[in-house]
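Following: one structure in structure tokens, then a few remarks.
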Amino acid sequence: MNQVRTIFIAEDDLYIQDLYIEILTASGYHVVDIASNGVEALQKYQKMDPKPDLVLLDHRMPLKNGLQVLKEMLMINCGCKAIFVTADRSITEEAKKIGATEVILKPFRMVELIEVIVKI
Amino acid sequence: MDIIGLITILVFVVTLVSFIILLIPRSKTVPKHVFLAAMLLLLAMMFHALTNILEWAFELPVFDSIGDYVQILVPVFYFITFFVYSMERSKMQLLESKKSTELYQDLLCHDFGNILQVILSTAERSALTATNEIMKERIDIIVDQALKGSNLITTVRNLIDFENGTLDTVVMDITAVINAEISKIIAEYNRKTAVITFNISNSLESPYFVGNALIGDIIQSLFKKLIHHDLTSRKTIDVSMTTINVLNASCIQVELSNERAKIPHEIVDSLHKNEMLLEHNFMDLGLQFTLIKRIISSLNGQIYLKQDTLQSPAVNRIIIQFMESAN
């Protein structure tokens with residue numbers, strides 16, 4: 001088993017939330033919580049103790065976008081590992097610069113997501 | 001004091017105030033040349049009013065001739081200011097409209113990305129529990145289509161970047177690009193009734209050239225043109241890659257041909273005239289030749305369409321050339 005066990009999901013699309021939970025749970029990961037917007041993601045992340053091994057972070061979310069959330073999460077916990085998920089290719093470099101562990105472009109196959117998590 | 005004198009003083013004061021207001025640091029959105037033209041206009045108006053005041057107050061006819069010149073200069077400066085302002089306003093409106101279009105395109109690409117993600121993941125999830133072979137095959141089709149949709153979004157994004165001049169160029173291996181596109185074509189068409197065979201000959205000294213993310217789309221579009229314009233069910237495409245010398249420079253030449261394909265001359269003409277074809281007959285074949293030519297030209301490459309025999313009424317050979325690059 002790899003290092004990642006617990007995953008926190010920040011994604012505003014309810015269908016995608018369900019899909020993540022089902023696929024990640026079936027692959028042996030524990031989804032600790034879900035947030036549907038940027039502010040909720042930060043509030044929940046701040047309160048979490050212990051912090052999750054990985055954050056699955058969508059870019060375009062209400063209230064705060066993924067890049068802002070990632071910046072603040074890294075201020076809360078500089079060791080935060082996050083997979084940045086976006087349909088917007090133009091922000092890939094920026095997300096990496098800010099500190100995203102990996103960037104995945106939507107749409108992706110679930111097997112790709114699992115492969116990326118395993119590598120972390 | 002007569003009414004003309006009052007008006008002149010008023011013009012002078014208003015112009016002076018406008019001049020001072022213009023001198024105060026303002027929004028950066030006012031372009032420098034509009035600002036300069038407005039200043040010149042106001043200076044001319046101020047000077048004109050001043051000469052009139054001096055003439056009226058001190059009865060000095062010496063200002064008459066200067067006033068005459070300024071009277072000519074005021075409308076000239078006025079029209080220059082008006083013209084420059086109109087041009088700038090049109091430019092800003094165009095930029096605004098471009099920004100909005102990009103925003104809508106971005107929104108469309110993003111939302112489509114999410115929709116395709118749900119379709120793709122739901123299909124994958126269903127595949128895990130599907131036991132029926134027919135159902136599995138249908139799920140595979142859904143997955144394929146969602147991935148095709150995803151590729152289409154990527155292509156549209158690359159095209160937007162290309163049009164904006166922000167698409168990066170990278171050193172690419174032409175053999176890798178062609179092999180990848182052949183695999184995609186085989187996966188797409190050989191599932192159906194059409195059977196496509198590729199004959200590849202490679203005598204390249206070096207496969208490297210400077211390309212961009214649209215090269216794969218170009219090769220795929222060219223393959224599709226040779227496939228769709230061949231009405232027989234078994235299609236054979238010959239792919240030949242050679243190194244040629246053009247004006248003492250090493251070039252990669254790729255020749256794609258299908259002797260049974262008949263690409264209509266309207267398409268060839270569109271390439272020569274640099275016009276996009278809007279008729280539906282020619283719109284279902286991936287990127288159009290005109291766009292392909294623009295992309296290839298932007299990479300210092302060339303594209304030619306040739307017919308194999310003089311008797312043939314249509315084109316069936318496509319030749320593209322790129323400058324060879326160090327790895």
Side-chain angles (χ1 to χ4, degrees), chain A residues 7 9-29 31 34-38 56-62 64-67 83-97 102-117, chain B residues 98-99 101-130 139-168 170 184 187 212-214 216-217:
Chain A
I7 299 176
I9 297 168
E11 163 68 60
D12 63 325
D13 191 307
L14 298 179
Y15 286 112
I16 298 179
Q17 279 182 7
D18 285 349
L19 288 164
Y20 280 155
I21 294 168
E22 191 168 333
I23 302 279
L24 293 173
T25 308
S27 304
Y29 298 101
V31 177
I34 300 161
S36 299
N37 64 60
L56 204 53
L57 185 63
D58 184 37
H59 173 52
R60 203 171 287 192
M61 286 189 294
K64 264 186 187 175
N65 70 35
L67 290 176
I83 294 181
F84 200 80
V85 182
T86 178
D88 186 356
R89 193 179 46 118
S90 65
I91 55 147
T92 307
E93 284 306 311
E94 203 181 342
K96 280 185 181 165
K97 216 180 274 178
E102 285 289 342
V103 179
I104 302 185
L105 290 173
K106 275 183 188 171
F108 54 84
R109 302 192 73 157
M110 284 299 161
V111 66
E112 289 171 43
L113 175 67
I114 301 298
E115 275 171 11
V116 170
I117 297 174
Chain B
K98 201 174 157 222
K99 268 186 199 168
T101 312
E102 277 171 17
L103 193 72
Y104 301 148
Q105 283 165 338
D106 185 51
L107 193 69
L108 183 76
C109 288
H110 171 266
D111 286 5
F112 245 83
N114 268 0
I115 292 165
L116 288 172
Q117 183 67 66
V118 175
I119 294 171
L120 186 61
S121 305
T122 309
E124 285 183 313
R125 196 168 57 162
S126 308
L128 294 175
T129 50
I139 290 170
D140 281 348
I141 293 170
I142 296 170
V143 170
D144 277 355
Q145 292 304 304
L147 291 173
K148 268 179 82 178
S150 157
N151 290 337
L152 183 64
I153 290 173
T154 308
T155 304
V156 171
R157 284 222 170 99
N158 286 334
L159 284 170
I160 294 168
D161 287 349
F162 174 72
E163 296 294 348
N164 290 339
T166 55
L167 190 63
D168 293 335
V170 281
K184 285 183 198 168
N212 61 31
L214 284 164
D217 294 297

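In what follows, chains are A, B, ... by sequence order, proteins preceding strands, each numbered from 1.
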Handout entry: Atom CZ of B:Phe112 with >12 non-hydrogen neighbours under 6.0 angstrom
Key = no
Practice task
Using non-hydrogen atoms and a 4.5 Å limit, figure out which bit of B:Leu116 sits close to chain A: side chain, backbone, both or neither.
Solution key: both
Problem - Contact origin within B:Leu147 toward chain A - heavy atom pairs under 4.5 Å - result: side chain
Atom pairs, donor to acceptor, chain A/chain B, distance under 3.5 Å:
unit_1	atom_1	unit_2	atom_2	d
A:Glu22	OE1	B:Arg125	NH1	2.4
A:Arg60	NH2	B:Asp106	OD2	2.5
A:Ala87	O	B:Arg157	NH1	2.3
A:Ala87	O	B:Arg157	NH2	2.7
A:Arg89	NH1	B:Asn158	OD1	3.1
A:Arg89	NH2	B:Asn158	OD1	3.0
A:Arg89	NH2	B:Asp161	OD2	2.7
A:Lys106	NZ	B:Asn114	OD1	2.6
A:Phe108	N	B:Gln117	OE1	2.8
A:Phe108	O	B:Gln117	NE2	2.9
A:Arg109	NE	B:Glu124	OE2	2.9
A:Met110	N	B:Glu124	OE1	3.0

